[in-house]
Amino acid sequence: MQGVSAVPSVSYSITVRLEVPAGGTSVSQLTTAVEQAGGIVTALDVTASGHERLRMDVTVAARDTNHADEIVDVMAAVPGVVIGKVSDRTFLMHLGGKIEMQTKHPIRNRDDLSMIYTPGVARVCLAIAKNKDDARRLTVKRNSIAVISDGSAVLGLGNIGPEAALPVMEGKAALFKRFAGIDAWPLVLDTQDVDEIITVAKAVAPGFAGINLEDISAPRCFEVERRLREQLDIPVFHDDQHGTAIVVLAALYNALRVVGKHITDVRIVMSGAGAAGTAIIKLLLAAGAGDIVVADIEGVVHRSRDGLVGELLWLAEHTNRLDVTGSLREAVAGADVFIGVSAPNVLRGEDVATMADQAIVFALANPEPEVDPAEAARHAAVVATGRSDFPNQINNVLAFPGVFRGLLDAQSSEITETMLLAAARALAGVVSDAELNAAYITPSVFNPDVHTAVAAAVRKAAGGPAELPVDPDAADAEVTV
């Protein structure tokens with residue numbers, strides 16, 4: 001059985017410019033060689049043709065960068081093939097960055113320039129000086145959020161710094177725009193000091209209607225979020241915590257529908273007591289879950305364990321009502337649900353076999369899950385991962401665009417647990433009874449109902465309007481001169 005990392009992926013796709021003889025079987029030999037090497041040819045384009053030679057761009061999906069290099073060597077070994085330029089498609093997509101700023105109005109002549117900039121803009125500045133709330137109507141603030149990171153916990157890569165975090169923050173901004181029409185600005189900070197992060201975030205806050213904290217390591221992320229929420233009049237949302245929690249709860253609602261169980265009755269075991277794990281547990285408790293056990297690298301968290309401080313102490317006091325001790329593998333025996341937000345391969349298929357009938361497994365570590373999904377599926381009724389190449393992907397992008405769209409539309413000054421629960425219920429509801437099955441508990445991120453449903457639920461929970469104007473700019477057209 002192939003492991004989860006053995007599947008070719010578009011993330012490791014390359015385009016190879018090469019030449020082959022115009023006649024004969026060179027092209028078929030080339031594609032056969034790639035397939036025998038474990039690659040997948042996804043495109044084959046002739047870019048130039050002559051009597052003797054063809055120039056072609058061959059696009060191939062590989063498993064990883066080493067595999068891509070092996071495939072190029074295999075292609076070069078085909079008789080008559082001459083390799084030219086090899087391009088990594090993912091790096092090509094990042095050349096020059098993935099986002100840009102555009103103006104909403106053309107600057108065609110002196111009149112446009114006079115209204116967009118000086119002298120006309122001065123009157124707008126004075127209007128805002130008289131009433132700061134007008135900044136939401138008359139500037140980009142109304143539809144803008146800051147995506148702030150210190151680069152200390154980027155994806156599964158760890159503490160790689162602000163410059164290396166920037167591609168992720170750009171991607172986040174691109175997703176905000178694509179799925180919710182929100183203008184998001186990546187701000188990567190060259191500090192990992194909690195006080196300095198808070199100072200910078202407070203200083204830039206007047207230009208934004210919300211702040212999305214991203215990839216800040218625990219336990220510092222808890223304090224940063226808490227203090228900013230206390231000190232700012234705009235919502236502060238740590239996606240690694242609350243975005244993950246929303247999607248996990250929504251997926252769990254639907255998985256429980258599949259197996260005919262209820263959240264108040266099941267026993268849930270969690271692997272991972274960091275930012276994501278803690279936020280998931282808090283939202284599960286708010287949703288009615290009563291029997292949760294969490295384990296970290298030291299084993300099960302329980303009240304008599306030494307060294308409990310901060311969030312770990314909170315977890316010990318609010319979970320594990322039966323005072324379970326021991327290892328994660330011991331804890332999952334008899335459990336109805338396993339949720340992993342920790343590390344690869346902490347469980348085996350035989351551990352899943354000890355769980356209750358109709359078990360649910362969410363193995364969300366990326367790119368290597370806590371347990372091989374294929375092994376888990378032999379024993380569990382529903383299996384989900386954080387990967388896009390398996391069914392039931394649990395991905396934060398299902399939540400955060402709609403959450404912020406709802407917050408901005410409601411002009412909310414905060415984000416509450418009630419809003420998070422509303423978002424989870426709305427996301428779960430996108431999957432209808434007719435669609436629901438063990439391999440489809442989460443909708444596609446490209447389902448247009450996902451982000452509108454989440455946004456509407458959050459907007460209503462935040463006290464916003466039941467319906468939005470067709471043209472929000474037109475609704476704010478009356479301006480004090």
Side-chain angles (χ1 to χ4, degrees), residues 1-50 52-96 98 155-157 164 167-168 171 174 344-345 363-378 383-395 397 439 444-446:
M1 181 180 298
Q2 290 184 320
V4 293
S5 62
V7 180
S9 167
V10 68
S11 297
Y12 293 103
S13 59
I14 57 173
T15 297
V16 183
R17 176 154 291 184
L18 51 79
E19 291 188 358
V20 297
T25 61
S26 294
V27 174
S28 62
Q29 288 179 318
L30 188 71
T31 57
T32 299
V34 170
E35 291 168 358
Q36 289 177 343
I40 299 175
V41 176
T42 60
L44 195 154
D45 302 299
V46 176
T47 59
S49 176
E52 301 296 330
R53 307 284 289 177
L54 293 177
R55 189 172 66 203
M56 309 178 67
D57 286 346
V58 181
T59 302
V60 179
R63 294 190 296 270
D64 51 39
T65 53
N66 291 333
H67 186 220
D69 292 338
E70 294 170 7
I71 290 173
V72 173
D73 292 339
V74 167
M75 296 169 76
V78 175
V81 170
V82 177
I83 300 292
K85 184 177 181 180
V86 179
S87 301
D88 185 310
R89 294 179 66 213
T90 297
F91 274 78
L92 285 177
M93 185 171 284
H94 285 75
L95 284 179
K98 302 186 291 292
L155 303 177
L157 306 175
V168 178
N345 303 313
L364 307 183
N366 237 336
E368 298 290 330
E370 283 81 1
V371 59
D372 187 304
E375 282 291 312
R378 294 175 57 189
V383 177
T385 71
R387 294 171 58 109
S388 60
D389 51 355
F390 286 93
N392 298 329
Q393 183 187 22
I394 294 180
N395 190 321
V397 73
S444 165
V445 67
F446 295 102

Quick check: does any side chain N or O of [X] sit under 3.5 Å from a backbone N or O of [Y], one acting as donor and the other as acceptor?
X: K98; Y: P167; value: yes
X: N366; Y: G386; value: yes
X: T32; Y: Q29; value: no
X: H67; Y: A37; value: yes

To the nearest 0.5 Å, tell me how far [X] [atom1] sits from [Y] [atom2].
X: R387; Y: Q393; atom1: CZ; atom2: CD; value: 10.0 Å
X: E375; Y: R378; atom1: CD; atom2: CZ; value: 5.0 Å
X: T385; Y: N392; atom1: OG1; atom2: CG; value: 8.0 Å
X: D372; Y: F390; atom1: CG; atom2: CZ; value: 6.5 Å
X: T47; Y: D57; atom1: OG1; atom2: CG; value: 5.0 Å
X: Q36; Y: T31; atom1: CD; atom2: OG1; value: 9.5 Å

Exercise for review: Evaluate side-chain contact (heavy atoms from CB on, under 4.5 Å) for V60 paired with I40, printing each intermediate quantity in order.
Suggested key: CA-CA 5 Å; V60 179; I40 299 175; 5.8 Å; no
**Study point:** Charged N-O contact under 4.0 Å between R53 and E19
**Key:** yes
Exercise for review: Go through the steps to decide whether V46 and R55 satisfy the test side-chain contact (heavy atoms from CB on, under 4.5 Å), and finish with yes or no.
Suggested key: CA-CA 6 Å; V46 176; R55 189 172 66 203; over 6 Å; no
For the residue pair [X] and [Y], what are the closest heavy atoms and their distance?
X: V20; Y: S26; value: CB-CB, 4.1 Å
X: T90; Y: D88; value: N-OD1, 3.0 Å
X: A22; Y: G50; value: CB-O, 3.9 Å
X: A76; Y: I83; value: CB-CG1, 3.7 Å
X: L92; Y: S87; value: CD1-CB, 3.6 Å
X: P8; Y: A61; value: CB-O, 3.5 Å

Practice item. Check the pair I71 / V16 against side-chain contact (heavy atoms from CB on, under 4.5 Å), numbers first and verdict last. Key: CA-CA 10 Å; I71 290 173; V16 183; over 6 Å; no
Heavy-atom side-chain proximity of [X] to [Y] below 4.5 angstrom:
X: V168; Y: L155; answer: yes
X: K85; Y: L18; answer: no
X: N395; Y: V445; answer: no
X: N345; Y: E370; answer: no

**Study point:** Worked verdict on L30 versus M75 for side-chain contact (heavy atoms from CB on, under 4.5 Å)
**Key:** CA-CA 6 Å; L30 188 71; M75 296 169 76; 3.8 Å; yes
Check your understanding: Have T15 and T59 got a donor and an acceptor in their side chains that come within less than 3.5 Å?
Key -> yes
